[in-house]
Amino acid sequence: MERKPPTAYGGFANHGIHTSSVNPHIMISLGTNGKYRLFKNGREFDSGTYENPNDNACVLKSSNKTDGVIVLSNQKSYLYYPAIKKKLLVINKLPGETPIEPLKIDK
C-alpha cells in the first residue's frame with residue numbers, strides 16, 4: 001500500500017528554536033479557503049493566499065511579495081520561504097481539525 005502525502009490544509013511546524021536566528025521556529029496554517037498565515041518564533045510573520053496545483057505542492061502568494069513553496073511527501077514535507085531562510089526547512093503536519101480560515105498558532 002502506497003502512503004499519500006499529508007493534505008495541505010491545517011498546520012505545519014519545524015523543530016526550530018524560538019530564540020534562534022539561525023534555526024527559527026516556523027509554523028504555518030493553511031485554511032481550506034485558500035489563505036495562509038505564517039509565524040516565525042511565535043509571531044505572525046506573513047500571510048497571503050496559496051494555490052494547490054497538485055497533491056504534492058502549494059505555491060504561497062505573500063501579501064508582502066515574498067512568495068514561497070510547500071512541498072509535501074509521504075516521508076517529509078518542506079517549506080521554502082526565502083524571506084525567512086534561503087534553504088529548505090523540514091516541516092511536520094500538526095494534529096488537529098482542518099480549518100476554513102488559517103488559524104493563529106500558539107506554541
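- Residue Phe12 is tested with Leu89, Ile26, Ile28, Leu38 for a side chain to side chain contact (heavy atoms under 4.5 Å, CB included); the sole match is Ile28.
- Applying the side chain to side chain contact (heavy atoms under 4.5 Å, CB included) criterion to Ser47, with sequence neighbours excluded, gives Arg37, Glu44, Ser63.
- Annotation: Lys61, atom NZ; neighbour count of heavy atoms from other residues, nucleotides and ligands within 6.0 Å does not exceed 12.
- In this model, a donor atom of one side chain and an acceptor atom of the other lie less than 3.5 Å apart for Ser62 and Asp46.
- The cluster map of Ile, Leu, Val, Met, Phe, Trp and Tyr, joined by side-chain heavy atoms under 4.5 Å apart, puts Leu94 and Phe39 in the same cluster.
- For the side chain to side chain contact (heavy atoms under 4.5 Å, CB included) test, residues two or more places apart in sequence or in another chain that qualify with Ala57 are Asn54.
- The line from CD1 of Ile91 to OH of Tyr80 is 14.5 Å long, rounded to the nearest 0.5 Å.
- Within a 6.0 Å radius of NZ in Lys93, other residues, nucleotides and ligands contribute more than 12 heavy atoms.
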Residue pair Asn23, Asn14: steps toward the side chain to side chain contact (heavy atoms under 4.5 Å, CB included) verdict: CA-CA 9 Å; Asn23 187 23; Asn14 72 343; 4.0 Å; yes

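- Put simply, OG on Ser77 and CG on Asn56 are 9.0 Å apart, with the number rounded to the nearest 0.5 Å.
- The shortest distance between side-chain heavy atoms of Lys65 and Asp67 does not fall below 4.5 Å.
- Partners of Asn92 according to the side chain to side chain donor-acceptor pair (under 3.5 Å) rule, which considers only residues two or more places apart in sequence or in another chain, are His15.
- Put simply, Tyr78 and Ile84 are part of two different groups of oily side chains (I, L, V, M, F, W, Y) that touch within less than 4.5 Å, one to the next.
- In this structure, Lys35 and Tyr50 approach most closely via the heavy-atom pair O-CE2, 3.4 Å.
- Leu30 is not listed as a side-chain neighbour of Pro102, based on a closest heavy-atom distance of 4.5 Å or more.
- The shortest distance between side-chain heavy atoms of Asn52 and Val59 does not fall below 4.5 Å.
- A continuous path of ILVMFWY side-chain contacts below 4.5 Å connects Leu79 to Tyr9, so both sit in one hydrophobic cluster.
- No donor-acceptor distance shorter than 3.5 angstrom exists from the side chain of Asn64 to the backbone of Thr66, with no hydrogens or angles considered.
- At distances below 3.5 Å, at least one donor-acceptor pair connects side-chain atoms of Asn41 with backbone N or O atoms of His25.
- If you take CG on Leu88 and CD1 on Ile70, they are separated by 12.0 Å, rounding to the nearest 0.5 Å.
- For Tyr81 (side chain) and Leu60 (main-chain N/O), no donor-acceptor pair under 3.5 Å exists by modelled atom type.
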